[in-house]
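Everything numeric in this text was worked out from a predicted model, so none of it was measured.
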Amino acid sequence: MAIWQERAALLFKEEGLEKLKNANVLVVGLGGVGSFAAEFLARAGVGKMTIVDGDTVDITNINRQLPALHSTIGEPKVHIVGNRLMDINPELNLTRIEEFLSPERTHEVVTEEYDYVLDCIDSITPKINLILAAKRKRVKVISAMGAGGKMLASKIVVKDISKTDVCPLAKQIRKRLKKEGISSGVKAIFSTEKPDESSLKMTDGSNYKKSFFGTNSWMPALFGLHAAENVIRYLLSK
């Protein structure tokens, strides 16, 4: 056990730390949800991780994303987050993929070697592709639904995708997955709080994204926290 893991060892025990060290996790999307989820996994002691994101830090990311600072504007998120993860655990076996995954690449990147896939993407089509790839490779997957337009931390829940309600993004994901023959078996993080429709803004549709809600500093991070918690508890129970 490394000295920095002393507190974790008291809670997870040596056996638990060993399970986490031997785990292999894929995190796709390093925005407000994925950046925090990846950090929580690294600090817990997950030993092997692949992080995927083709985006660079924009000044509008600063209010909610871990890698976003005035000093990092324009830099690739996968570099900033990756460097931070290695600074947390220098022994982490880390793979960085700097790209927006096409449907074809998604099915190449997702393999049976992963213990868990974290879908932290905020665009519908890439989310669907990632979930489908995980399901077809029989890899467990947890998917973050819409954190935008929300304020109440207490309304966040984790349930099977078939049990989601209120969240507009979850509704669209359910419909798309049903067309692919999938109606359950995907863990979803969502909020039962109705989004503030007045905070919605339309976009030019680039990167599969037609609109977005206003966001605050804590909701995306809490979605990432719930994602990491569920994955870590699963790995400890294996």
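Note: Thr215 OG1 to Gln65 CD = 8.0 Å, rounded to the nearest 0.5 Å. Separating the OG atom in Ser143 from the CD1 atom in Ile128 is a distance of 8.0 Å, to the nearest 0.5 Å. Atom CG of Leu225 is separated from atom CD1 of Ile189 by 9.5 Å, given to the nearest 0.5 angstrom. Met202 CE to Ser211 OG: the interatomic distance, rounded to the nearest 0.5 Å, is 4.5 Å. Remark: Leu85 CG to Glu39 CD distance equals 7.0 Å, nearest 0.5 Å. If you take NZ on Lys155 and CE on Met219, they are separated by 10.5 Å, rounding to the nearest 0.5 Å.
Within the 3.5 Å criterion, the main-chain N or O of His107 finds a donor-acceptor partner in the side chain of Lys137. With Asn89 contributing its side chain and Arg43 its backbone, the two residues share no donor-acceptor pair below 3.5 Å. Without hydrogens or angle criteria, Lys159 side chain to Asp165 main chain gives no donor-acceptor distance under 3.5 Å. With hydrogens and angles disregarded, no donor-acceptor distance shorter than 3.5 Å links the side chain of Arg64 to the backbone of Pro220. One N or O on the side chain of Asn230 and one on the backbone of His226 form a donor-acceptor pair closer than 3.5 Å. Using modelled atom types, no side-chain atom of Ser162 and backbone atom of Ser184 make a donor-acceptor pair closer than 3.5 Å. Remark: the backbone N or O of Ser217 is not paired with any side-chain donor or acceptor of Asn63 at under 3.5 angstrom. The backbone N or O of Val25 sits nowhere less than 3.5 Å from a side-chain atom of Asp115 that would complete a donor-acceptor pair. A distance-only check finds a donor-acceptor pair linking the side chain of Glu193 to the backbone of Leu152 [under 3.5 Å]. Between the side chain of Lys21 and the main chain of Met1, no donor-acceptor pair closer than 3.5 Å is present.
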> So Arg105 and Glu108, salt bridge (charged side-chain N to carboxylate O under 4.0 Å, His left out) or not? Walk me through it.
Replying inline: CA-CA 5 Å; Arg105 276 289 288 152; Glu108 291 174 2; 3.1 Å; yes
> Is there a salt bridge (charged side-chain N to carboxylate O under 4.0 Å, His left out) between Lys19 and Glu15 once you walk through the steps?
Replying inline: CA-CA 6 Å; Lys19 288 180 179 180; Glu15 179 186 2; 3.7 Å; yes
> Taking it one step at a time, do Asn61 and Lys77 satisfy side-chain contact (heavy atoms from CB on, under 4.5 Å)?
Replying inline: CA-CA 11 Å; Asn61 301 152; Lys77 294 177 184 177; 3.5 Å; yes
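Just one of Leu118, Leu94, Asn93, Thr95 meets the side chain to side chain contact (heavy atoms under 4.5 Å, CB included) condition when paired with Met49; it is Leu94.
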